[in-house]
Amino acid sequence: MAIIIRLDRILVERKMKLNELADTIGISNVNLSNLKTGKVRAIRFSTLDAICKALNCQPGDILEHVSTDDNEEDR
C-alpha cells in the first residue's frame with residue numbers, strides 16, 4: 001500500500017504558492033514542503049484540517065491510496 005500526496009496539484013488548481021499556504025496555516029515552509037514531496041511518514045489531523053480549510057478541499061483531494069504488488073510488505 002502507498003499513500004500519494006497530491007498537495008502540489010491542489011495548489012496549482014487554487015493558484016496558491018506553497019509559502020502562502022504555509023503562512024496561512026501557520027506551519028513552516030520546510031515542513032509543508034516535506035509533506036508535499038512525500039518525505040513525511042505521518043500528518044496530524046489538525047494540520048490536514050487546516051490545509052483543507054485553506055484550500056477549500058477534502059482530505060481525499062490531497063491524499064490518494066495506491067495499491068502495490070501483493071508481494072510487497074506493508075511498512
Side-chain angles (χ1 to χ4, degrees):
M1 153 179 99
I3 302 295
I4 307 297
I5 309 294
R6 300 290 185 199
L7 184 57
D8 53 347
R9 181 174 64 192
I10 300 299
L11 286 168
V12 168
E13 289 175 6
R14 301 299 191 270
K15 297 180 175 128
M16 184 182 283
K17 300 279 185 193
L18 189 70
N19 59 350
E20 184 182 347
L21 178 60
D23 289 343
T24 300
I25 65 172
I27 190 172
S28 76
N29 203 16
V30 171
N31 285 342
L32 197 55
S33 179
N34 286 337
L35 175 63
K36 185 182 108 172
T37 58
K39 294 179 183 175
V40 296
R41 305 270 305 152
I43 182 172
R44 292 178 187 212
F45 283 140
S46 58
T47 301
L48 185 58
D49 180 54
I51 291 170
C52 289
K53 285 178 182 174
L55 295 174
N56 191 27
C57 67
Q58 294 294 315
D61 297 331
I62 298 170
L63 305 173
E64 181 180 340
H65 174 261
V66 178
S67 295
T68 56
D69 200 6
D70 289 337
N71 295 330
E72 188 176 319
E73 289 185 33
D74 289 344
R75 296 172 200 220

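Remember, it's a predicted structure, so these values are computed and weren't measured experimentally.
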**Item:** From CG (D61) to CG (L7), nearest 0.5 Å
**Value:** 11.0 Å
**Prompt:** Which is it for R6 and I62 under the side-chain contact (heavy atoms from CB on, under 4.5 Å) test, yes or no, and what are the steps along the way?
**Reply:** CA-CA 5 Å; R6 300 290 185 199; I62 298 170; 5.6 Å; no
**Prompt:** Can you list the steps and then say if L35 with I27 is a side-chain contact (heavy atoms from CB on, under 4.5 Å)?
**Reply:** CA-CA 11 Å; L35 175 63; I27 190 172; over 6 Å; no
**Request:** Kindly write out the residues that satisfy side-chain contact (heavy atoms from CB on, under 4.5 Å) with S46, not counting sequence neighbours, or none if the list is empty.
**Result:** R44
**Request:** Nearest 0.5 Å please: distance from the CZ atom of R14 over to the CD atom of E20.
**Result:** 13.0 Å
**Request:** Over all heavy atoms of both residues, which pair between A50 and I25 is shortest? Give the atoms and the distance, please.
**Result:** O-CG2, 3.4 Å
**Asked** To the nearest 0.5 Å, what is the distance between CG (L48) and CD (Q58)?
**Response** 9.5 Å
**Request:** May I ask you to decide if N29's main-chain N or O and S33's side chain share a donor-acceptor pair within less than 3.5 Å?
**Result:** no
**Request:** Kindly determine whether L63 and I4 satisfy side-chain contact (heavy atoms from CB on, under 4.5 Å), including the steps that lead there.
**Result:** CA-CA 6 Å; L63 305 173; I4 307 297; over 6 Å; no
**Request:** Could I get the full list of salt bridge (Lys or Arg N to Asp or Glu O under 4.0 Å) partners for D23, not counting sequence neighbours?
**Result:** none
**Item:** Sub-4.5 Å side-chain heavy-atom contact between E13 and C57
**Value:** no
**Complete:** The side-chain contact (heavy atoms from CB on, under 4.5 Å) partner of V40 among N34, T47, N31 is N34
**Request:** Would you mind reporting whether I51 and I10 have side-chain heavy atoms less than 4.5 Å apart?
**Result:** no
**Asked** Do you know which two heavy atoms are closest between L55 and M16, and how far apart they sit?
**Response** CD2-SD, 3.7 Å
**Distance (rounded to the nearest 0.5 Å) between I5 CD1 and K36 NZ** = 12.0 Å
**Asked** In Å, rounded to the nearest 0.5 Å, how long is the span from CG of L21 to CG of L32?
**Response** 5.0 Å
**Prompt:** C52 and P59: which non-hydrogen atoms are nearest, and at how many Å?
**Reply:** SG-N, 3.5 Å
